[in-house]
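In listed order, ligands and their atoms are each counted from 1. Hydrogens, waters and symmetry mates are skipped; everything else that's a heavy atom, side chains included, is used.
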Amino acid sequence: MQTLQQLDFRNKTVFLRTEFNVVLDEYNRVVDDSRIRASLPTISYLRNAGARLVVCAHLGRPWGKRDPSKSLQHLIEPLSALIGDNVIFATDCIGNERMLKQHSLHPGEVLLLENVRYYNEENVNDEKFALSLAEGIDVYINDAFGNSHRSHASMVGVPKHVIEKGIGLLLQHEVETINSFLSGTVHPSLAIVGGAKVAGADGKIHAIRNLISRMDSIAIVGKIAYYFLEATGAGTGATLSADKRQIDAPDSNMSTAIQECAGVLSDAQKLGKIILLPLDSIVLNLETNEMKVIDHLVESVPRNSVAMDIGPRTIDAIKSAAKNAKAIVWNGPAGFFEDDRFKAGTLEVASAIAQSGAKTLVGGGETVTALQNVDLSASNIHVCTGGGAMLSMLMGRPLPAITALLDKTDAKSV
Ligand code: ADP
Ligand code: MG
């Protein structure tokens with residue numbers, strides 16, 4: 001796979017796929033521009049190298065509809081301010097207007113295309129759409145790490161029709177960083193996996209299964225931990241059945257999920273890996289709204305109660321595991337942190353990691369949200385820019401965006 005340094009961009013028209021999926025407020029102002037900032041090194045590199053830059057990105061999930069609140073027009077000003085130059089905008093990512101503006105680009109100039117997800121053809125990787133996106137393009141560069149697990153047209157279709165292609169600095173850095181954690185070269189290593197969704201195609205069980213062979217120990221927290229506790233015979237009350245959000249195992253049956261968890265625990269045992277499950281939990285009585293700490297070694301979660309967060313003994317166990325670790329990978333909150341009553345576990349995990357000084361990789365949509373008010377500046381933590389893509393890599397799955405950069409271009413289609 002070619003890196004930016006291996007390619008020549010002088011006078012070339014370059015299609016740059018970036019991840020600009022920011023949140024806008026009610027006035028269409030960018031709430032947090034860190035995703036745009038993350039792609040600035042690649043944008044600067046390409047501009048300085050003399051590229052005529054065509055930037056393609058998505059915003060939100062309009063899936064085929066021209067939703068004005070998801071327009072990339074809202075990013076013209078912030079992007080122009082960040083690069084210190086005027087960004088040109090095309091109101092459609094394909095077609096005449098774009099082609100006219102693309103043809104009149106000078107080296108170093110940036111043309112931002114309207115939201116690529118205004119076309120449903122993007123997410124079904126429509127061949128004709130990919131060809132239109134690739135029109136007049138000399139070099140394809142992908143820097144959209146956060147979208148790299150999706151086989152969308154701008155991610156995997158366009159590079160098929162461009163001979164010169166390569167990986168942007170952000171995508172390269174994220175992939176190399178995650179691979180370094182998965183390489184199993186630093187010991188002792190600890191994975192902390194939490195969150196809500198255990199089973200199904202994107203369930204965390206696949207990440208845990210892969211991490212078992214790569215890390216020395218794994219702490220399983222969050223709602224997913226209670227599937228594993230059920231698998232050990234510990235009673236978890238209404239924890240697995242009470243969640244009305246249905247985010248944990250929508251496409252799979254609960255008892256199958258528990259059986260799969262039992263299989264993972266026995267595999268870990270065979271490999272001599274340490275699995276840390278919650279020793280205690282904060283449980284909420286659904287009838288009385290009372291909260292109490294349950295010690296899983298001596299009692300079950302009552303029938304009418306749900307486990308919402310890890311308890312103090314579990315936090316201590318994770319603290320000492322983190323203290324000993326030289327490398328830590330963390331994905332998934334330890335509890336229902338959106339409710340202040342159940343955020344302590346997640347915040348304690350964060351501070352344990354920050355204090356441990358271990359080289360750490362953290363990622364996940366909700367995990368990063370939970371860390372928003374935690375000061376991680378003095379720590380050795382890499383916060384990954386793409387939760388879903390990171391999870392895919394933790395599962396050991398190849399990223400389609402990377403595979404597409406390795407594929408030979410079908411010369412006939414160019
Ligand atoms: P991420 O996006 O970081 O990968 P997930 O999407 O897997 O994480 O899960 C995050 C969700 O898991 C959060 O909304 C959190 O409230 C929920 N969660 C974690 N533990 C529990 C629990 N014990 N009960 C209910 N929800 C939980
Ligand atoms: Mg999530």
List every atom of ligand 1 that sits less than 4.0 Å from any heavy atom of T367, numbering the atoms from 1 in the order shown and giving each element.
1 (P), 3 (O)
Is it the case that E122 and S154 place a side-chain donor and acceptor less than 3.5 Å from each other?
yes
I'd like to know if P333 contacts ligand 1, where contact means a heavy-atom distance under 4.0 Å to any ligand atom.
yes
Look at atom CD of Q269 and say whether more than 12 heavy atoms of other residues, nucleotides or ligands are closer to it than 6.0 Å.
no
Going by the 4.0 angstrom heavy-atom rule, the piece of N331 near ligand 1 is side chain
Under 4.0 Å from one or more heavy atoms of G365, ligand 1 contributes atoms 1 (P), 2 (O), 3 (O)
Compute whether any side-chain donor of one residue and acceptor of the other, for S281 and H296, lie under 3.5 angstrom apart.
yes
Decide whether an N or O pair under 3.5 Å exists between Y226 and ligand 1.
no
Can S39 and E19 be counted as having a side-chain donor-acceptor contact under 3.5 angstrom?
no
Under 3.5 Å, is there a donor on one side chain and an acceptor on the other for E174 and H382?
yes
Evaluating non-hydrogen atoms only, which member of E338, K223, M390, E366 is closest to atom 15 (C) of ligand 1?
E338
Atom pair OG1 (T236) and CD1 (I294), whose distance is rounded to the nearest 0.5 Å
11.0 Å
Keeping to distances under 2.8 Å, can you name the protein N/O/S atoms close to the Mg ion (ligand 2)?
E366 OE1
Rounded to the nearest 0.5 Å, what separates atom OG in S320 from atom CD1 in I315?
12.0 Å
I'd like the name of whichever of M308, K343, K204 reaches closest to atom 4 (O) of ligand 1 through any heavy atom.
K204
From F15 CZ over to L133 CG, what is the distance, rounded to the nearest 0.5 angstrom?
4.5 Å
For D340, which residues count as a salt bridge (Lys or Arg N to Asp or Glu O under 4.0 Å) partner, sequence neighbours excluded?
K343
Cation-pi, F181 ring and K359 (6.0 angstrom, 45 degrees):
yes
Any nitrogen or oxygen of A307, side chain or backbone, less than 3.5 Å from one on ligand 1?
yes
If you measure from atom 17 (C) of ligand 1 to every heavy atom of A370, A207, A196, which option wins on shortest distance?
A196
